[in-house]
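Scroll down for the structure; my scribbles are underneath it.
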Protein chains: 2
Amino acid sequence: MVKEKLVDAGLKATHQRIVILDMIICSKNHPSAEAIFDALKDHYPSLSLATVYSTLETFVNNKLINKVLVKDGAMRYDAHTDSHNHIYCTNTNEIIDFEDHELQQLITDFFLKKNIENLDIKDITLHIQGEKINKRKQIKIN
Amino acid sequence: MVKEKLVDAGLKATHQRIVILDMIICSKNHPSAEAIFDALKDHYPSLSLATVYSTLETFVNNKLINKVLVKDGAMRYDAHTDSHNHIYCTNTNEIIDFEDHELQQLITDFFLKKNIENLDIKDITLHIQGEKINKRKQIKIN
DNA sequence: CTATTTGCAAATAATTTGCAGCTGG
DNA sequence: CCAGCTGCAAATTATTTGCAAATAG
């Protein structure tokens, strides 16, 4: 439950935080601050965009969410905090999660073999950039 | 030679473009527009920051350079246009190129085996995030 | 020459900040 | 109650734009 996640992270479970975190978790789209604000403002008219920004910063600092790398436009956020990969659709502007245990293992094994001096690796992510062939359809991986 | 690269790309070889492209190619640091401007303004006082920005856009559109994904702060640029990986140092804010043929092959092979529907993959990049243990020393990979 | 490019200053977009009032525990 | 949060408006940062002057080919 969202409220418990906040409390577990040592944060006050305010109404705004609950609603924002819930929205990110439910969203499959890696929303931007604006997108979150837009999605919530009708239901919570007193919510302010500045609160959304600062709440997102708080969540990132407390490892409830992660920032997603972007080439331009607004920063986007991801409630999926374990290591995984992203597919960037250049024609739809979607950022889609892509998890594959075999691939993760392949990469982990590769870096275990390598001898890397003076770097403490925290995370490795694969960024797959491409175009949806049919913008309306989903991407399917078998 | 830089001038030829510009002409080959179908661009007029203006003084500003030559100097900017040369700076990015020589820089090992994936500079931002500001960093480029700061590095050049003493030698070329008439250069304007807006020109740097628009020149960078032109270069990206003509595939002379690439944008580098960033979590925050200003966009950064890379003159290294073939597919390669980046190491992000969270404590020094450096972005370091990392090329490894074996790794590239591993990943390429993996995606060849996979059956991905409705996505036309344009590029795959690995983003390695970590901290330099000794900020002054280089990262060495053997 | 003349189509492009550049420089400037002003505009916009994304994000942050300061501070007074509100609220969860 | 009261430390920490929120909302607002104003500030800051990164980037873009409009237009007149400069320039490469």
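Chain A is the first sequence line, chain B the second, and so forth, proteins listed ahead of strands; every chain is numbered from 1. All values below come from the heavy atoms of this structure, side chains included, with hydrogens, waters and symmetry mates left out.
In this structure a side-chain-to-backbone donor-acceptor pair under 3.5 Å is missing from B:R76 to B:A33.
Salt-bridge annotation for A:K114 and B:E102: absent, with no side-chain N of the basic residue lying under 4.0 Å from a carboxylate O of the acidic one. Salt-bridge annotation for A:E94 and A:K28: absent, with no side-chain N of the basic residue lying under 4.0 Å from a carboxylate O of the acidic one. Ion pairing between a basic and an acidic side chain is recognised when a charged N comes within 4.0 Å of a carboxylate O; A:K41 and A:E34 show no such pairing.
Side-chain polar atoms of A:N85 and A:T125 form no donor-acceptor pair below 3.5 angstrom. Between the side chains of A:D109 and A:Q105, at least one donor N or O sits under 3.5 Å from an acceptor N or O.
Rounding to whole angstrom units, NZ of residue A:K12 and P of C:dT23 are separated by 12 Å. Whole-Å rounding puts the B:N62 CG to C:dT4 P distance at 13 Å. Residue B:L6 contributes atom CG, which lies 14 Å from atom C1' of C:dT4 at whole-angstrom precision. When rounded to the nearest whole Å, the span between CZ of B:R17 and C1' of C:dT4 equals 8 Å. Taking atom CD of A:E34 as the reference point, atom C1' of C:dA13 lies 9 Å away to the nearest angstrom.
Here A:I20 contributes atom CD1 and A:M23 contributes atom CE; the two are 10.0 Å apart, rounded to the nearest 0.5 Å.
Here A:T55 lies in heavy-atom contact (under 4.0 Å) with sugar-phosphate atoms only.
Under the 30°/60° scheme for interplanar angles, the aromatic rings of A:F98 and B:F111 are found to be tilted.
Once you apply a 4.0 Å limit to the heavy atoms of chain A, the touched nucleotides of DNA chain D run 5' to 3' over D:dA3 to D:dA9.
Side-chain rings of B:H86 and B:H30 approach one another, their centers coming within less than 6.0 Å.
DNA chain C lies under 4.0 Å from at least one heavy atom of each of the following residues of residues 38-52 of chain B: B:S46, B:L47, B:S48, B:A50, B:T51.
Mapping B:V7 and B:G73 onto DNA chain D via the closest heavy atom, the residue that lands nearer the 5' end is B:G73. Remark on DNA chain D: of its neighbouring residues B:A33 and A:Q16, the 5'-side contact belongs to A:Q16, judged by nearest-heavy-atom nucleotide.
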